[in-house]
Structure formats: structure tokens, C-alpha cells
Asker: 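Sharing a structure below in C-alpha cells format, with a few things to ask.
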Amino acid sequence: MSKQKKKQKVKKPKPRIFSGFRDVFSEDILLRQRMIDTIRRVYEKYGYLPLETPAIEYVDILGKFLPESTTPQGGVFSFRNPDLSEKAQPDDPNTWLALRYDLTAPLARVFAQYVDIQRPFRRYQVGPVWRYEKPGPGRFREFYQFDFDSVGTSSMAADAEICCVICDALAALGFSEGEYMVKVNNRKIMQGVLEVCGLADLEISESSQAMTVLRAIDKMDRLGLPGVIQLLGKGRRDESGDFTEGAHLENEQIAKIEQYLGSRAESRDEVCRGLFELVKDSEVGRKGVAELQEIDSFLSALGYNGKQVEFDPTIVRGLSYYTGPVFEGVLTKEIKDESGQVKQIGSVFGGGRYDDLVKRFTGQEVPATGASIGVDRLLEAMRSTDNSSCRKSTADVLVTVMDKKCMADYFKLAQEIREAGINAELYLGNGNIGKQMKYADKQEIPLAIIIGSDEFEKKEAQVKDLNLGRKLSEEILDREEWREENPAQQSISRSELISKLREMLG
RNA sequence: GCAGUUGUAGCUCAGUUGGUUAGAGCGCCUGUCUGUGGAACAGGAGGCCAUGGGUUCGAAUCCCAUCAACUGUACCA
């Protein structure tokens with residue numbers, strides 16, 4: 001007795017899940033799978049090859065390309081290497097492991113590690129990455145990225161190609177021209193602008209004024225020009241009363257940057273000309289403009305117009321390792337969220353040129369460029385815009401069980417249907433026929449087959465179109481009517497069953 | 001990280017100036033309906049009122065702490 005009491009006192013684990021992580025169910029997975037397949041076909045059309053790398057890397061592999069960063073430990077899930085005893089050398093670089101937080105750093109490692117890889121090396125990779133940061137709506141600590149990169153080429157053709165691939169991928173997903181846009185900028189131009197403003201005390205370091213300026217520009221889409229100008233000057237107080245310290249620029253400098261941010265124009269060429277005027281006194285700046293012009297020439301030759309790819313000086317793309325052109329694939333379509341508020345989806349692709357990433361391993365210059373898609377975000381966008389007509393179930397047909405003694409026959413029928421290339425599920429539960437219909441309805445299985453003793457005798461089968469029935473039921477008020485009409489159901493001889501199923505499934 | 005708001009059923013929320021047995025809608029299960037989904041009607045299950053401490057004769061309600069969520073902001077490789 002007392003033993004039992006003790007047993008009951010043992011705490012049962014509460015089912016729960018760590019913040020920022022989630023369970024994903026069939027509906028979402030099926031949709032994601034389909035999306036990934038579509039994008040993969042585009043990547044492969046351009047000749048990219050698949051690569052897989054492990055979820056866990058040594059911390060220094062991921063980390064230290066940001067020389068003075070207060071990260072990475074902050075944003076990374078890291079833990080002790082269990083192979084090493086705690087007494088082992090404390091500064092052994094193998095001591096700490098971490099979950100990868102993107103797919104680019106591991107790519108650089110692979111390239112540095114396998115020296116004999118044929119260059120240029122073009123690969124795509126999809127998989128989960130992990131970041132230890134505050135989760136928000138549509139922002140998780142574990143999420144999928146789908147990258148493609150060209151390593152070992154400094155040609156602007158590679159960068160132009162990245163833009164093409166992003167366009168093609170979004171088009172393949174069903175977004176039409178005008179619903180998406182690739183925005184391109186160049187880090188060299190930004191550096192040129194900073195130089196022209198007399199902020200050339202780069203190397204850009206974590207807390208420098210130049211850095212604060214870039215951060216401010218990066219907020220353009222959210223705060224708009226007035227907010228950015230506040231941040232360039234003294235600072236900005238937000239709705240909650242929190243104050244963000246500004247960059248304390250002189251009015252003259254702010255004016256220059258304002259001019260820079262305003263240098264948008266109808267055509268890419270025009271943007272380039274405007275930017276050139278602005279940074280012509282800076283060597284890097286001129287180089288950056290030249291790069292953009294080269295990209296423009298390729299894109300124009302291929303027929304990618306200004307509605308698909310535009311040059312946008314407000315694009316910053318974080319403060320990361322980018323050294324040249326940077327890209328952002330945005331969805332311009334507006335969506336409504338649950339509360340009916342109109343929202344912009346915004347950026348779904350991001351990337352750029354990172355010529356120094358491999359160098360930190362080998363010392364060798366290995367230019368590279370690429371982009372990454374935020375799979376979950378794009379998925380969310382597709383769900384709320386439209387074009388995801390994915391159901392929860394993989395089965396096209398549910399074979400119901402009327403008479404359990406005939407289970408073998410039902411089983412055989414299901415097999416027969418499968419052999420004809422149609423996904424068929426045999427009902428394996430205990431419910432009566434009503435339960436089984438309900439099951440098919442809830443699972444969103446489009447068709448159900450009913451065979452009882454009558455049908456066995458006549459060599460027939462009842463086939464019910466659940467989707468059609470659901471529609472018809474809206475007009476039926478009375479139970480009797482509902483039952484007698486048996487909506488959307490028909491008798492079909494066994495010999496014609498398969499072809500009829502095919503026909504009904506379209 | 002900082003600031004504000006909020007934690008009551010699976011979900012969305014009521015819950016009086018502290019008062020005895022904690023409420024609704026939706027969803028779920030069962031039946032009306034023994035070979036047919038929906039609707040309708042009837043019934044049922046489901047709560048340590050986030051957690052821990054205080055104040056009080058008495059706390060979902062008041063106070064403190066912790067945790068979590070949401071919003072803004074910062075950071076974002």
C-alpha cells in the first residue's frame with residue numbers, strides 16, 4: 001500500500017517542449033517537402049550539386065570569423081565535447097561543440113578541408129539550423145534553410161546567376177512577376193559612402209560609428225527614413241519608451257547618407273549612375289558600382305528586368321561576412337494575418353558574396369557567393385497567400401471495412417489499388433462504418449470505398465467522393481434527406497473500379 | 001539583454017467591492033441513427049485558476065518572487 005503511494009508520488013513528466021522548438025505535423029511537412037522539391041529542381045537546372053554536413057561542428061569552425069563579435073556563444077547552442085575529459089587542456093579547440101547556425105560556415109569548412117575539390121564548387125544544401133535567440137512569431141530556434149553557393153569564382157556572372165536562381169525559384173513556386181523582387185546592393189558601395197562621409201576608420205569594428213550607421217540603414221524598411229535619420233543623429237525613442245543611442249553624425253554627413261538612401265531609380269543603370277556620382281571619390285565605392293554594372297549587363301542580356309531584380313541601396317543584410325554584392329529576395333504581395341491586419345511578408349531569400357570566408361582556414365583567397373532561403377518563412381508566406389493546396393493525408397482512397405471476416409479481401413483490394421499507382425489506406429481501426437466515414441473526412445482523404453455483403457455478391461463497390469459530399473451537405477438541412485440521398489456516392493462494378501478511381505482523382 | 005502587458009478546460013475567453021460547489025462558447029466523446037461524414041437535439045468527460053511564498057477567519061481575485069507567453073526595442077553570423 002505504502003509502496004503504491006510512493007509510486008504515485010513520483011512526478012510524471014509533463015509533456016512540453018523547449019521554447020522556440022516545435023512539432024511539425026503532416027500538413028506542414030508535406031507542403032514543405034513539395035516546396036523543397038520545387039526549389040531543388042531549379043537549383044539542379046543550374047547545375048548545383050547536393051551536399052550534406054553534420055548538425056554539430058566545433059565551435060571555432062562556426063565562430064570566429066567575426067573578430068570582435070560578442071557572439072558567437074550568445075547565439076549558438078554549444079556544449080562540451082563529451083569525448084574529452086574535463087581535465088584536458090582548457091584551451092584545446094576541440095573542447096566546445098555547437099549546433100550549426102547556418103549552412104555557409106560548414107561549407108567554408110568543407111572547402112578548406114577537402115583541398116582537391118574541383119573548382120568552382122557549386123552546391124545546394126537543405127537542413128535544419130539552430131540559433132539560441134528570442135523566438136518570435138515565425139521565428140524559431142530550429143528552422144530550415146536551403147542554400148546554394150558558388151565557391152571559387154570571383155566572376156560577377158556568378159552573382160548575376162544567384163539573382164536569376166532566386167527569381168526562377170520564386171516563379172517556380174507560383175509567384176508571378178510583380179509579386180516578388182530581388183533586391184541587390186553592394187557592400188563596397190556602402191563602404192565607399194562611409195568613406196565619403198569621413199567615416200573611413202574601418203576596419204569596421206563592433207562598436208564603431210560606421211557600424212552604427214550600417215545598423216541604422218538596415219532598419220530602413222521597418223522605421224522608414226525619419227526613424228533612420230534619428231538613429232544617424234542623436235538616437236530614437238520607441239513606443240515602449242526605450243531609447244536607442246544614435247550614431248551622432250554631423251548634419252552634413254546625414255545629408256549624404258540621406259542622399260545615398262534616396263538614390264533609387266526606375267532602371268538599374270540609373271541607380272548605378274547616381275551611386276557613382278556619390279562615391280566617385282572612393283576607390284572601393286567605384287569598384288562596387290562597377291560590380292553592380294557588370295551584374296546589370298548580365299541580367300539585362302538574359303532578360304531579367306527591373307521588376308524582377310532591382311538595385312536598392314537600403315539593403316544591408318546584417319553585418320556579417322559579406323564583401324561585395326548582397327541579395328535579398330522579397331515577396332511584395334501583401335497578406336492578412338489572423339487578426340485581419342495587412343502585413344508585408346518581406347524577405348525570404350538572403351545572401352551575398354563572401355570572399356574571405358575560406359581564407360580564415362587556409363589563408364588562401366577563395367572567392368564565393370551564394371544565397372539562402374528561409375524555408376519556414378516562405379512556407380508561411382505560401383500558406384497565407386494562396387497557393388498551397390496540400391492536404392493532411394497521403395492517401396487518395398480509404399478502403400473501409402464493413403465485415404471484419406472479409407479483412408483479407410479488403411486488404412487485397414487496397415493492394416490492388418496501390419499497384420495501380422493510387423495511394424490507398426486500409427482502415428485498421430475498430431469503428432463502424434459511420435466512424436470510418438468520419439475518419440476519412442477528418443483525414444481529408446478524398447475517396448472512400450465501401451463494400452458490404454451486397455456489393456460482394458454483385459461484384460460491385462460503393463465509391464464516395466468526400467469532398468463533393470462535403471459541399472453538397474451545405475444545402476441539406478434534414479437528416480433523412482442527407483441519408484437517403486447518400487450524396488456523392490455511386491455504385492461501380494469491380495472491374496471498372498480502378499479506372500473510375502483514376503478518373504475521380506483527376 | 002531592456003521595457004510594457006498577460007497567465008483560469010484542448011482552444012477563445014467570463015468570473016462582481018476577497019465569501020463557501022469555478023462558468024460559457026467552440027472542440028472532443030456517447031446516444032437519437034444496428035450499412036454511411038454534415039446539421040439538429042440530449043447527455044458526458046475534461047481545471048492544484050502558471051509555480052512558490054506571503055496578507056487574511058477566508059484568495060482565481062490583494063502583495064512579493066520565479067517561470068512562461070505576447071508586444072515593442074536591441075542583437076542577429
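Here is how names work: the chains are called A, B, and so on, in the same order as the sequence lines, proteins then strands, and each is numbered from 1.
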Asker: Within a reach of under 6.0 Å around CD of Glu457(A), are more than 12 heavy atoms found that belong to other residues, nucleotides or ligands?
Answerer: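 Open: at most 12 neighbouring heavy atoms sit under 6.0 Å from CD of Glu457(A).
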Asker: Below 4.0 angstrom from OP1 or OP2 of U36(B), is there any side-chain N or O of Thr400(A)?
Answerer: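 False: Thr400(A) side-chain N/O out of range (4.0 Å or more) of U36(B) OP1/OP2.
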Asker: Over all strands shown, is Lys219(A) touching base, sugar-phosphate only, or nothing at heavy-atom distances under 4.0 angstrom?
Answerer: sugar-phosphate
Asker: Using the C1' atom as the point on both nucleotides, what is the distance between G25(B) and U8(B), in whole Å?
Answerer: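 One C1' to the other, the span is 15 Å.
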Asker: Taking CZ from Arg236(A) and P from A74(B), how many angstroms apart are they, rounded to a whole number?
Answerer: 7 Å
Asker: Rounding to the closest angstrom, what is the interatomic distance between A65(B) and U5(B) at atom P?
Answerer: 14 Å
Asker: State whether the aromatic ring of Tyr321(A) stacks on the base of A77(B), taking stacking to mean ring centres under 5.5 Å apart and ring planes under 30° to each other.
Answerer: no
Asker: Between C76(B), U73(B), G35(B), which one does the side chain of Ile450(A) approach most closely?
Answerer: G35(B)
Asker: Using a 3.5 Å limit on both pairing distances, list the dot-bracket string of RNA chain B from the 5' end; Watson-Crick and G-U wobble pairs count, crossing pairs take [ ], interstrand pairs take |.
Answerer: (((((((..((((.....[...)))).(((((.......))))).....(((((..]....))))))))))))....
Asker: When you measure from the side chain of Asp159(A) to the backbone of Pro325(A), do you find a donor-acceptor pair of N or O atoms at a distance under 3.5 Å?
Answerer: no
Asker: Please assess Glu133(A) against Arg139(A) for the test salt bridge (Lys or Arg N to Asp or Glu O under 4.0 Å), listing each intermediate value before the final yes or no.
Answerer: CA-CA 9 Å; Glu133(A) 56 190 8; Arg139(A) 226 178 138 166; 3.4 Å; yes
Asker: Whole-Å distance between U36(B) C1' and Gln443(A) CD?
Answerer: 17 Å
Asker: Mind checking the C1' distance from G7(B) to U61(B)? Whole angstroms is fine.
Answerer: 14 Å
Asker: Within this structure, what is the CG-to-P distance between Leu466(A) and G37(B), rounded to whole angstrom?
Answerer: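 Checked: the CG to P distance equals 11 Å.
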Asker: Kindly confirm or rule out a cation-pi arrangement of Arg22(A) over Phe140(A), judged by NZ or CZ under 6.0 Å from the six-membered ring centre and within 45° of its axis?
Answerer: yes
Asker: In chain order, what residues pass the side chain to side chain contact (heavy atoms under 4.5 Å, CB included) check against Arg122(A), with sequence neighbours excluded?
Answerer: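 Tyr46(A), Tyr48(A), Ser150(A), Glu161(A).
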Asker: Return the value, rounded to whole Å, for the distance between atom CD of Glu57(A) and atom P of A77(B).
Answerer: 19 Å
Asker: Checking Glu52(A) now: which residues fulfil side chain to side chain contact (heavy atoms under 4.5 Å, CB included) with it, not counting sequence neighbours?
Answerer: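 If we apply the side chain to side chain contact (heavy atoms under 4.5 Å, CB included) test to Glu52(A), skipping adjacent residues, there are no hits.
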Asker: Which listed nucleotide (A69(B), G35(B), U71(B)) is nearest to the side chain of Ser19(A)?
Answerer: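 Within the option list, the nearest is A69(B).
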Asker: Taking all non-hydrogen atoms of both residues into account, name the closest pair between Ala112(A) and Thr362(A) and its distance.
Answerer: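 Of all heavy-atom pairs spanning Ala112(A) and Thr362(A), the closest is CB-CG2, 3.6 Å.
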Asker: If you measure from the C1' atom in A69(B) to the same atom in C29(B), how many Å do you get, rounded?
Answerer: 30 Å
Asker: For Asp221(A) and C76(B), what is the distance between atoms CG and C1' respectively, to the nearest whole Å?
Answerer: 14 Å
Asker: When all nucleic acid strands are considered with a 4.0 Å heavy-atom cut-off, which category describes Glu455(A): base, sugar-phosphate, or nothing?
Answerer: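 Base contact - Glu455(A) has a heavy atom under 4.0 Å of at least one base atom.
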Asker: When you compare U6(B) with C64(B), how far apart are their P atoms, in angstrom units rounded to a whole number?
Answerer: 13 Å
Asker: Return the value, rounded to whole Å, for the distance between atom CZ of Phe21(A) and atom C1' of A68(B).
Answerer: 16 Å
Asker: For Ile56(A), give me all partners under side chain to side chain contact (heavy atoms under 4.5 Å, CB included), at least two apart in sequence or on another chain.
Answerer: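 With neighbours one apart ignored, the set is Phe79(A), Leu97(A), Leu99(A).
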Asker: Can you tell me if Arg222(A) touches the phosphate of A74(B), counting only side-chain N or O atoms and a distance under 4.0 Å to OP1 or OP2?
Answerer: yes
Asker: Please state whether the base of G37(B) and the side chain of Lys464(A) form at least one donor-acceptor pair under 3.5 Å?
Answerer: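 Yes, the side chain and the base share a sub-3.5 Å donor-acceptor pair.
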Asker: Measure from the side-chain heavy atoms of Arg139(A) and tell me the nearest of C75(B), G38(B), A77(B).
Answerer: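 That would be C75(B).
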Asker: Quick check for you: among G1(B), C75(B), G37(B), whose closest atom lies nearest to any side-chain atom of Arg215(A)?
Answerer: C75(B)
Asker: Using the P atoms only, state how far C75(B) lies from C2(B), rounded to an integer number of Å.
Answerer: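 Result for the P pair: 15 Å, nearest Å.
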Asker: Starting at atom CD of Gln230(A), determine the distance to atom P of A74(B), rounded to an integer number of angstrom.
Answerer: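 The answer, rounded to whole Å, is 12 Å.
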Asker: Is Lys442(A) close enough to C28(B) that one of its side-chain N or O atoms is under 4.0 Å from OP1 or OP2 there?
Answerer: yes
Asker: Which of these nucleotides, U36(B), G1(B), A77(B), is closest to any side-chain atom of Tyr101(A)?
Answerer: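 Ranking U36(B), G1(B), A77(B) by closest atom to the Tyr101(A) side chain puts A77(B) first.
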Asker: Can you measure Asn467(A) atom CG to U36(B) atom P for me and round it to whole angstrom units?
Answerer: 21 Å
Asker: Verify whether one side chain among Asp355(A) and Tyr321(A) offers a donor that lies under 3.5 Å from an acceptor in the other.
Answerer: no
Asker: Ring centres under 6.0 Å, that's the criterion: do Tyr43(A) and Phe146(A) meet it?
Answerer: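 Here the rings of Phe146(A) and Tyr43(A) have centres that are less than 6.0 Å from each other.
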Asker: For A60(B) and G15(B), measure between their C1' atoms and round to the nearest Å.
Answerer: 8 Å
Asker: Which comes earlier along RNA chain B counting from the 5' end, the contact point of Pro135(A) or that of Asp218(A), where each point is its nearest nucleotide?
Answerer: Pro135(A)
Asker: Given the ring of Phe77(A), does Arg131(A) sit roughly above its face, with NZ or CZ under 6.0 Å from the centre of the six-membered ring and within 45° of the axis?
Answerer: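 No.
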Asker: What distance, rounded to whole Å, do you find between the two C1' atoms, one in G31(B) and one in C13(B)?
Answerer: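 About 30 Å, rounded to a whole number of Å.
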Asker: With respect to the side chain of Gln489(A), which nucleotide from U36(B), G35(B), U71(B) is positioned closest?
Answerer: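 Given the options U36(B), G35(B), U71(B), the side chain of Gln489(A) is closest to U36(B).
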Asker: For Glu455(A), which residues count as a side-chain hydrogen bond (donor to acceptor under 3.5 Å, both in side chains) partner, sequence neighbours excluded?
Answerer: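 If we apply the side-chain hydrogen bond (donor to acceptor under 3.5 Å, both in side chains) test to Glu455(A), skipping adjacent residues, the hits are Gln462(A).
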Asker: In residues 433-441 of chain A, which residues come under 4.0 Å of RNA chain B by heavy atom?
Answerer: Ile433(A), Gly434(A), Lys435(A), Met437(A), Lys438(A), Asp441(A)
